[in-house]
Amino acid sequence: MLSRSAARLLTTQTRAFSTTSTRQTKVAVLGAGGGIGQPLSLLLKIDPLVSSLSLYDIRGAPGVAADVSHIDTDSTVKGYTADQLDDALDGAKVVVIPAGVPRKPGMTRDDLFNTNASIVRDLAASVGRVAPEAHILVISNPVNSTVPIVAKTLEKAGVFDPRRLFGVTSLDVVRAARFLGEVSGNDPKNTVIPVVGGHSGATIVPLLSQNAYGKSISGETYSKLVHRIQFGGDEVVKAKDGAGSATLSMAYAGAKFANAILRGLNGEKGVITPTFVKSELFADQGVDFFSSNVELGKNGVEKIYPVGPLSAEEQKLLEACLPDLKKNIEKGYAFVA
């Protein structure tokens with residue numbers, strides 16, 4: 001028999017995702033057998049806005065599906081093998097892509113490009129053919145390049161809708177809230193800040209000045225905090241000592257963002273979170289994709305917000321971000337050209 005505390009924990013986990021209506025949606029996870037895909041599938045299974053969960057991978061997806069299908073929430077789960085991608089995508093409203101290889105010690109996200117670029121391109125081509133109206137959430141790194149790859153692949157197929165393509169940068173937001181909470185002695189729910197730019201190293205720009213607790217951080221504490229937010233992934237890769245990257249926290253952040261997408265599709269108003277999308281904010285500088293606060297709705301992207309007021313330090317971070325981000329985006333474009 002469960003103790004009262006354990007029962008409360010299960011109840012809290014089940015309610016961890018917001019829902020405002022009974023409408024539900026089919027979600028496909030491409031790469032469900034991997035280090036991110038497995039915990040992500042678990043978390044999506046307990047999201048009340050998911051009615052059908054479609055799990056695909058080149059290996060292991062049917063086993064993951066069998067496992068998570070035993071969870072006592074009101075959604076169906078089915079796993080698909082390597083030759084069943086079209087079946088997995090059929091009818092999907094939301095497609096989450098964590099497929100690819102993880103980072104190892106000494107690797108940057110950009111080092112993953114050669115392997116993950118082709119995986120993401122091929123999956124995007126299938127989505128464009130089978131589920132052209134699906135909302136696509138890209139987790140596979142390097143996001144700064146894989147999102148442009150998906151865009152160009154869909155564009156070639158004549159089905160690209162910029163309102164329905166998202167790079168998942170939520171882990172940067174999650175880390176920023178947690179790390180700022182630690183240094184300021186506050187609950188992370190009170191230290192949420194926008195994180196803009198991209199999703200690797202110096203392209204990650206945390207806007208600490210836009211939070212009451214963040215604006216009080218200065219000097220060496222500020223520099224160390226910014227660096228930890230930008231390179232938090234390295235901390236996990238090093239600690240895992242070659243056994244993987246930030247899979248669990250990324251799964252959490254990915255599920256959190258997927259829930260935000262589903263809430264917007266459900267008609268909930270005021271769903272705003274940073275995400276890496278086709279954006280005009282810095283397009284005049286050759287930066288076609290940029291992460292900033294985005295309002296999500298029934299059509300996906302409803303409104304892209306500007307970065308807002310910046311401190312002198314944040315302006316410098318943004319200036320350092322843009323050239324690198326432009327190169328990452330161009331690298332993605334070139335791969336599909």
For this session: Any ring pair (Phe, Tyr, Trp, His ring centres under 6.0 Å) involving residues 163-184? Give me the pairs, sequence neighbours left out, ordered by first then second residue.
Result: F166-F257
Review item, side-chain donor-acceptor pairs of residues 78-88, under 3.5 Å, at least two apart:
unit_1	atom_1	unit_2	atom_2	d
T81	OG1	D83	OD1	2.8
T81	OG1	Q84	OE1	2.9
Q84	OE1	T81	N	2.8
D86	OD1	R129	NH1	3.4
D86	OD1	R129	NH2	3.2
D86	OD2	R129	NH1	2.8

Considering only distance and modelled atom types, tabulate donor-acceptor pairs under 3.5 Å from the side chains of residues 148-158, sequence neighbours left out.
unit_1	atom_1	unit_2	atom_2	d
K152	NZ	E155	OE1	3.2
T153	OG1	I149	O	2.7
K156	NZ	V336	O	2.6

Seminar exercise, completed: Contacts satisfying ring pair (Phe, Tyr, Trp, His ring centres under 6.0 Å) that involve residues 310-337 (not counting sequence neighbours) are F113-F335
Exercise. Under 3.5 Å, is there a donor-acceptor pair between the K331 and S145 side chains?
Worked result: no
Exercise. Tell me, which pairs form a ring pair (Phe, Tyr, Trp, His ring centres under 6.0 Å) where one or both residues lie in residues 201-234, sequence neighbours left out?
Worked result: H227-F231
For this session: May I ask you to test the F289-V277 pair for a side-chain heavy-atom distance under 4.5 Å?
Result: no
Problem set entry | Pairs where residues 27-39 contributes a residue and the test salt bridge (charged side-chain N to carboxylate O under 4.0 Å, His left out) is met, not counting sequence neighbours | none
Exercise. L317 and P206: which non-hydrogen atoms are nearest, and at how many Å?
Worked result: CD1-CD, 4.4 Å
Problem set entry | Partners passing side-chain contact (heavy atoms from CB on, under 4.5 Å) against N299 (at least two apart in sequence or in another chain) | R163, E302
For this session: List the steps, then state whether side-chain contact (heavy atoms from CB on, under 4.5 Å) holds for T275 with V301.
Result: CA-CA 10 Å; T275 177; V301 174; 5.7 Å; no
Problem set entry | Residues which pass side-chain contact (heavy atoms from CB on, under 4.5 Å) with D187, listed by chain and number, not counting sequence neighbours | K189, N190
Exercise. By side-chain contact (heavy atoms from CB on, under 4.5 Å), which residues pair with T115, not counting sequence neighbours?
Worked result: V101, I119
Exercise. Can a donor-acceptor pair be found between the side chains of S200 and N144 at a distance below 3.5 Å?
Worked result: yes
For this session: Taking atom types as modelled, find out whether K26 and S51 have a side-chain donor-acceptor pair closer than 3.5 angstrom.
Result: no
Problem set entry | Hydrophobic cluster of V237, others only, ordered by chain and residue number, side-chain cut-off 4.5 Å | none
Seminar exercise, completed: So the salt bridge (charged side-chain N to carboxylate O under 4.0 Å, His left out) pairs with at least one residue in residues 221-230 (sequence neighbours excluded) are E182-R228, E220-K224, R228-E235
Problem set entry | Shortest non-hydrogen contact between S52 and S75, atoms and distance | N-CB, 4.5 Å
Exercise. Should R263 and E268 count as an ion pair when the cut-off is N to O under 4.0 Å?
Worked result: yes
For this session: Flag the pair Q285 / K326 as yes when at least one side-chain heavy-atom distance between them is below 4.5 Å, and no otherwise.
Result: no
Exercise. Would you find a donor on one side and an acceptor on the other, under 3.5 Å apart, between the side chain of S291 and the backbone of V196?
Worked result: no
For this session: With sequence neighbours excluded, tell me which residues meet side-chain contact (heavy atoms from CB on, under 4.5 Å) with S69.
Result: V77
